Novice: 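The following block contains the structure, expressed as structure tokens.
Remember, it's 1-based here, ligands and their atoms both numbered in the order they're listed. The structure displayed is predicted, hence computed values, not measured ones.
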Amino acid sequence: MKVGILGGGQLGRMLLQAAANYVVETYILENDENCPAAHLCHHFTKGDIKDFDTVYAFGKALDALTIEIEAVNVEALEKLEAEGVKVYPKPSAIRTIKNKVVQKEFYAAHGIPTSQFLITQNRSELAAHLDFLPAVHKIGQGGYDGKGVSILDNADDLDKGFDAPSVLEKKVAIKKEIALIVGMNDKGEAVLFPPAEMVFDPVWNLLDYQLSPALLPEKTLWRAEAIATKLVKELNSPGLFAVELFIDQNDEVLVNETAPRVHNSGHHTIEANYSSQYDMLWRIILGYPMGNTDPILPSAIVNILGASGCSGKAVYQGLDEVLSMENVFVHLYGKAETKPGRKMGHVTIISNDYQDLTHKANKIKHILQVTA
Ligand code: ADP
């Protein structure tokens, strides 16, 4: 089977690593020929995943396609789907998710709990919604890694809002942020991974470290699982989805956003679960039985980010020390150049003791530095 992946970043790279367990011919479409996935696929095509003709030409000789990022040309995927190429997830699901305005409206229309919101077309409209603050303004299209998200606490913050169609949503009093990965096959059978719990870095607004399975009261877990399952069934598409949820101070479970693809919050599943999220997506695409999502052991993920003030050829400090730690797994993405805050790799730690996980996670964060 010939399967193409749109995008060749670290998620594409890990998908290709998992593909090596199956008989599948892999194709990558990506603009950067030195991207993390370029040298692990069977066929690399240099090209823009946002361009109709490029995506159509790439996909038309393939059996199936998947994505590692949602900023792709959906029209080309729709045409390919109409011509018989299987697309995971369906282009209709990518269309719903890729624009945060459409995504929020989808939740509201399908009774999926999410924070209260309204839609703004431009920045000047914000002045009419002072009574809605504190709120979070999210640009409809083009935001990534916190860059399209702005917190508006009061009238003084209005100039931080986006001058483009955006969602203005009530600021949630967050107790915990979790992510739950759901896989669904062509028959509509769904599997759930245990949720992961996030801890954020206030400087970069990027994930600091993550623990899995999240420590949650049973009722909250059931609620999160029910919401994530309903959401994916309503999207009505096979594929792999990461549902990011907030648990607020009143233990309400609210959907923040969904990614229609393998996700950073699932890296740990490579070592910590019987079937990884990457393995699961291949099972779905290749039509094999679903895998076992059970954890082998609890785990933590530490992201390896480029150190502040360092740009240029990446140098990994402290790697020997981290590699000598027990039950610690280093993944470097093979990016030649580092930049402040750039995701250069991740480290997974597995242990049956959560204290050991957080202790090692913090230790690794301090030891491992990417400088130039
Ligand atoms: P991105 O797609 O860039 O990751 P998110 O929508 O996930 O953006 O938002 C980034 C972070 O901002 C979230 O992880 C959360 O910490 C915070 N955030 C987002 N929406 C809200 C909200 N409604 N209330 C409070 N905090 C929020």
Novice: Any idea which atoms of ligand 1 are less than 4.0 Å away from a heavy-atom of E244?
Specialist: 7 (O)
Novice: Using distance alone, with no hydrogens and no angle criterion, decide if Y278 and H267 have a side-chain donor and acceptor under 3.5 Å apart.
Specialist: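 Result is yes, a qualifying pair exists.
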Novice: Using ring centroids (six-membered ring only for Trp), state whether Y333 and H346 fall under 6.0 Å.
Specialist: yes
Novice: Could you check whether H43 and E25, counting side-chain N and O atoms only, form a donor-acceptor pair closer than 3.5 Å?
Specialist: yes
Novice: Hey, are K50 and E75 close enough for a salt bridge, meaning a charged N less than 4.0 Å from a carboxylate O?
Specialist: no
Novice: Check ligand 1 against E177 and write out every atom of the ligand that is under 4.0 Å from a heavy-atom position of the residue.
Specialist: 13 (C), 14 (O), 15 (C), 16 (O)
Novice: Please tell me whether T371 and Q317 have a donor and an acceptor in their side chains that are separated by less than 3.5 angstrom.
Specialist: yes
Novice: Can you find an N or O of K138 that's nearer than 3.5 Å to an N or O of ligand 1?
Specialist: yes
Novice: Heavy-atom contact check, 4.0 Å cutoff: does K170 meet ligand 1?
Specialist: yes
Novice: Considering the heavy atoms of F246, write down every atom of ligand 1 situated less than 4.0 Å from one of them.
Specialist: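 Reading through ligand 1 atom by atom, the close ones are 15 (C), 18 (N), 19 (C), 20 (N), 21 (C), 22 (C), 27 (C).
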Novice: Answer yes if the ring centres of Y107 and F117 are under 6.0 angstrom apart, and no otherwise.
Specialist: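 No.
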Novice: Which atoms of ligand 1 are found less than 4.0 Å from any heavy atom of I174?
Specialist: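 That gives atoms 25 (C), 26 (N) of ligand 1.
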Novice: So, K60 and E83, do they make that salt bridge, N to O below 4.0 Å?
Specialist: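 A salt bridge is absent here (no side-chain N lies under 4.0 Å from a carboxylate O).
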Novice: Quick check: N256 and ligand 1, any N/O pair under 3.5 Å apart?
Specialist: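 N256 vs ligand 1: N/O contact under 3.5 Å present.
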Novice: Going by heavy-atom distance to atom 22 (C) of ligand 1, choose the closest among V136, T114, V149.
Specialist: V136
Novice: Of all the atoms in ligand 1, which lie at a distance below 4.0 Å from a heavy atom belonging to K100?
Specialist: 1 (P), 2 (O), 5 (P), 6 (O), 8 (O)
Novice: Going by the atom numbers of ligand 1, which of them fall below 4.0 Å from some non-hydrogen atom of E169?
Specialist: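 Taking each heavy atom of E169 in turn, ligand 1 has 20 (N), 21 (C), 22 (C), 23 (N) under 4.0 Å.
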